[in-house]
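Written below as C-alpha cells is the structure these notes are about.
Only heavy atoms go into these numbers, but all of them, side chains included; no hydrogens, no water, no symmetry mates.
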Amino acid sequence: MFSGTFSIWHWLILLVIVIAVFGTKKLRNAGGDLGSAVKNFKTAMREGEEEAGRPAKSPEVIEGESKPVPPQSSTSAHNDKV
C-alpha cells in the first residue's frame, strides 16, 4: 500500500485531520507563538554578538566603598609571619 513516499493526497488527508483535531484558531495561535519565539531568539543572538564585540568595561568604584583586596599567596603570608 505504501511505496515509501507520501503523495499529495496523503498530505491533504493529514492536513484535514490536523485541522479537525486542533481547529484553525489553535493552529494560527501556535504559528504566531512560534514566529515570535524565533524573532526573540534572533534578537537575543544579535545582542549577544554585539556584547562579545565590545571591550569589557572596568569595574566602577563608588566613593566611600573599599576596593577588593586580592588574596595573598602562601609564600608572602609565610614571609609576614617570620
Side-chain angles (χ1 to χ4, degrees):
M1 180 166 171
F2 293 112
S3 62
T5 59
F6 289 104
S7 69
I8 188 71
W9 293 109
H10 292 111
W11 290 111
L12 288 175
I13 292 170
L14 183 65
L15 180 65
V16 168
I17 292 171
V18 168
I19 289 174
V21 170
F22 294 109
T24 56
K25 186 175 181 180
K26 285 186 181 179
L27 291 176
R28 190 178 320 122
N29 290 343
D33 292 343
L34 180 64
S36 64
V38 169
K39 183 178 178 181
N40 290 337
F41 178 75
K42 286 182 180 181
T43 303
M45 290 298 293
R46 193 175 312 118
E47 288 174 357
E49 288 174 356
E50 289 173 358
E51 283 185 19
R54 288 188 221 145
K57 65 179 191 177
S58 60
E60 297 178 15
V61 178
I62 300 173
E63 191 174 325
E65 190 175 273
S66 63
K67 293 183 181 180
V69 178
Q72 295 180 342
S73 66
S74 61
T75 57
S76 64
H78 178 68
N79 291 340
D80 291 340
K81 291 180 183 177
V82 177

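- Annotation: the span from N29 atom CG to T24 atom OG1 amounts to 9.5 Å, rounded to 0.5 Å.
- Residues L27 and L15 share a single hydrophobic cluster, defined by chaining ILVMFWY side chains whose heavy atoms lie under 4.5 Å apart.
- Both V21 and I19 are assigned to one and the same hydrophobic cluster, defined by single-linkage of ILVMFWY side chains at heavy-atom distances under 4.5 Å.
- Note on V38 and M45: separate hydrophobic clusters, where clusters join Ile, Leu, Val, Met, Phe, Trp and Tyr whose side-chain heavy atoms are under 4.5 Å apart, directly or indirectly.
- Contacts of E50 classified as side chain to side chain contact (heavy atoms under 4.5 Å, CB included), with partners at least two apart in sequence or in another chain: R46, R54.
- Not counting sequence neighbours, W9 has no partner by the ring pair (Phe, Tyr, Trp, His ring centres under 6.0 Å) test.
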